[in-house]
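Throughout, a chain's letter reflects where its sequence line sits, starting with A, and its residues are numbered from 1. Being a predicted model, the structure only gives us computed values, none of them experimental.
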Amino acid sequence: MIQYITDIEQAIVAVKELVFESEIGLDIETTGLDPILDKIRLVQISTPLNTYVIDMYHVPLSVLNPLLTGGPIKVIHNAKFDAGFLYAASGGVMAEPIFDTMITDQVLHHRGYARSLKDLSKEYLDIDLDKGNQTSDWGAEHLSESQIQYAAEDANVLLPLKHILEEKAVELQITAVVSLENRLVPAICWMERSGVNLDSNLWGELVKSAEAKAVRLKEELNLSVAEHTSSGLDLFGNAAVSVNWDSPTQVKKLLSDLGVKIENTRHSTLEANRGEHPVIALLLDYRGAAKKVSTYGTDWEKHVHPKSRRIHANWVQIGSATGRMSCKNPNMQNLPREAAYRNCFRAASGWVLIKADYEQIELRLAAEIAPDVRMKKAFYEGRDLHSVTASYLLGKPETEVVTDSQRQMAKAVNFGLIFGMGAKGLSSYAQNNFRVKMEEHEAAKIRRRYFEAYSGIKNWHELQSRKRETRTILGRHRILEGERDYTNKLNSPIQGSAADGLKLALIKLWETRHLVNAYPVLTVHDEIVIEAPKELAEKAAEWLKRCMEDGMGEFLQEVPVAVDITSKESWG
DNA sequence: AGTCCGCGCGCG
DNA sequence: AAAGCGCGCGCGGACT
């Protein structure tokens with residue numbers, strides 16, 4: 001039975017009954033997608049027998065408080081949206097606990113994308129939801145019969161869906177991951193609502209200098225080409241070159257005309273041919289500046305919210321097939337590492353940003369998961385794994401000091417070989433990422449020595465290659481059946497376990513937030529940044545460190561978790 | 001005008 | 001025997 005509630009007395013009666021339910025379906029309709037600017041029009045709540053459609057233009061949100069925090073489990077599809085709206089509109093009341101049908105389905109099918117409520121209803125319940133009213137005018141004074149009907153139908157499928165998803169989770173032995181992801185939703189709402197402050201003046205300076213640099217380098221490129229071709233200079237003394245330097249197709253063609261035939265124009269290829277023509281070095285410089293201008297240019301600032309004046313990025317809780325999060329509009333996870341860029345992200349005045357990251361977390365996880373006794377030993381003795389690896393590869397005693405370049409070489413080896421890189425790949429990887437020259441036969445030799453030193457890793461590779469499904473330590477799965485998926489079979493459980501640990505850290509922050517007046521503002525795979533009042537900086541740093549150690553610590557038992565932490569007014 | 005894809009590159 | 005992995009975004013170019 002559908003009950004359309006348009007006054008406060010009816011709402012209070014409904015809430016009094018609903019608090020005794022163990023779980024309720026919950027959905028909202030809003031006038032738009034922005035929780036800061038837009039309004040909640042309807043809150044639909046379903047039980048096995050009834051559906052309440054509450055008109056929030058006539059009922060104050062606080063009436064629902066007894067239902068939101070504590071009380072029944074809120075079953076929601078894409079709960080970040082609904083809980084985020086309720087959180088913003090109520091000034092800090094979080095819907096909790098949550099069972100998110102979208103996130104749960106994603107854990108089950110383990111791909112990096114989410115599915116709609118319509119798709120789930122069709123597949124699991126054989127119900128065709130009519131989404132015709134989804135984008136109708138929810139701000140209208142009088143809602144139509146079909147709008148109310150639509151709103152109710154959406155809420156009605158949630159409880160049946162939950163039960164089916166839960167059964168499947170048990171069958172797949174994946175309930176721990178489902179529980180982790182559902183507990184995480186409030187923390188993500190919290191972080192997204194917090195946002196982060198951008199110093200637009202500093203950013204503007206960076207944009208200006210990148211733009212000037214790009215213009216200058218483009219001129220130099222054109223001049224350089226003019227010198228080396230018959231095109232020469234035009235009547236005005238300008239280079240008569242009409243190549244678009246942002247077009248790989250045109251650049252490749254031009255270089256070919258200049259006698260440099262290359263497969264592609266990516267950085268490593270150009271770098272390898274740097275000596276072939278003076279234009280190549282200029283092009284590499286231009287590419288650097290052009291990237292700054294295009295991806296980190298003036299458009300980027302448009303993400304500052306007009307009302308909060310902060311950046312509220314869109315955090316995608318399961319953003320990859322391994323279980324990592326992703327981030328968009330804007331992507332806070334691929335900002336240049338240069339201090340100049342990261343310093344643009346500043347705490348509010350009187351506050352600080354505290355940045356903490358896990359040290360070599362994937363290697364630590366690999367050591368434990370494989371397991372590899374020698375690698376584990378290096379970690380629990382607190383030694384530097386890259387130096388240890390260098391010693392083994394060079395046949396030196398562990399106590400002897402290795403040079404910096406030897407350590408660089410070993411770093412490339414550790415990162416590459418653990419995840420199944422071949423000799424050819426290792427040699428170019430070392431060159432491109434660590435500026436270490438390594439011939440292919442040399443790489444092959446290093447590879448052999450590496451697996452002699454770390455036989456646990458070698459055995460683990462063989463074990464993984466025979467699997468058709470990988471699991472993180474918590475149990476997050478990914479189906480990888482092909483021979484071609486070899487390297488994914490190595491990477492997924494490691495990358496995924498690191499993601500699980502970081503997610504648990506975020507959960508712990510949320511669930512112990514009463515300890516410190518602070519909140520997370522961003523996270524980058526092995527790093528969490530929080531904002532805290534300056535006078536609480538030390539306390540907040542300890543809190544963050546503890547949550548991160550405890551979170552990852554549930555998965556890393558035999559190898560210590562190391563968290564590096566710094567506190568400044570900016571992120572840099 | 002809008003849509004889609006490959007390339008290239010920023011980050012972990 | 002051989003095989004690094006995971007994202008989002010801006011651009012050019014081809015297509016409708």
With sequence neighbours excluded, tell me which residues meet ring-ring contact (aromatic ring centres under 6.0 Å, His included) with A:H525. none
Could you check whether A:Y358 and A:R364, counting side-chain N and O atoms only, form a donor-acceptor pair closer than 3.5 Å? no
Whole Å only: how far is the CG atom of A:L363 from the P atom of C:dG4? 17 Å
Select base, sugar-phosphate, or nothing to describe what A:A499 touches, counting heavy atoms under 4.0 Å on all strands. nothing
Can you build the contact string for nucleotides 6-16 of chain C? Use B for base contact, S for sugar-phosphate-only contact, and - for no protein heavy atom under 4.0 Å. BSBSSSSS---
Residue pairs passing the ring pair (Phe, Tyr, Trp, His ring centres under 6.0 Å) test with at least one member in residues 543-572 of chain A, sequence neighbours excluded, are A:F345-A:W571
A:K467 NZ to C:dA3 C1': how many Å, rounded? 18 Å
Output the rounded distance in Å from CD (A:E338) to P (B:dG10). 9 Å
Please state how far atom CZ in A:F451 lies from atom P in C:dA2, giving the value in whole angstrom units. 12 Å
Are A:Y450 and A:Y454 close enough that their ring centres sit under 6.0 Å apart? yes
Between C:dA1 (P) and A:E440 (CD): distance, integer Å: 17 Å
Side chain to side chain donor-acceptor pair (under 3.5 Å) filter on A:T298, not counting sequence neighbours, yields none
Applied to residues 274-284 of chain A, the salt bridge (charged side-chain N to carboxylate O under 4.0 Å, His left out) test, sequence neighbours excluded, yields A:E271-A:R274
Rounded to whole Å, how long is the line connecting atom CZ of A:R484 with atom C1' of C:dA1? 18 Å
Please give, in whole Å, the distance from B:dC11 P to A:H267 NE2? 12 Å
Could you tell me, to 10°, how much the axis swings from one end of the helix from B:dA1-C:dT16 to B:dG12-C:dC5 to the other, five pairs per end? 10°
Side-chain donor-acceptor distances from residues 326-341 of chain A under 3.5 Å, at least two apart:
unit_1	atom_1	unit_2	atom_2	d
A:N331	OD1	A:Q333	N	2.7
A:Q333	NE2	A:T523	O	3.1
A:E338	OE2	A:K292	NZ	2.7

Using a 3.5 Å cut-off and no angle test, enumerate the donor-acceptor pairs between side-chain atoms of residues 429-437 of chain A and protein atoms at least two apart in sequence or in another chain.
unit_1	atom_1	unit_2	atom_2	d
A:N432	ND2	A:S428	O	3.2

May I have all residue pairs that pass side-chain hydrogen bond (donor to acceptor under 3.5 Å, both in side chains) and include part of residues 467-492 of chain A, sequence neighbours excluded? A:E181-A:R476, A:H461-A:Y486, A:Q464-A:K467, A:R468-A:E481, A:E469-A:R471, A:E469-A:H477, A:T472-A:D500, A:R476-A:D500, A:R478-A:S492, A:N491-A:Q495
Residues of residues 269-286 of chain A with a heavy atom under 4.0 Å from any atom of DNA chain C, listed by number, are none
Which whole-number value in Å describes the distance from A:N433 CG to B:dG10 P? 11 Å
Which side-chain hydrogen bond (donor to acceptor under 3.5 Å, both in side chains) pairs, counting each pair once, include a residue from residues 277-286 of chain A, with sequence neighbours left out? A:D246-A:Y286
Listing request: all salt bridge (charged side-chain N to carboxylate O under 4.0 Å, His left out) pairs with a residue in residues 186-196 of chain A, at least two apart in sequence or in separate chains. A:K80-A:E192
Closest listed nucleotide, where the reference is the side chain of A:E483 and the choices are B:dG12, C:dG4, C:dA2: C:dA2
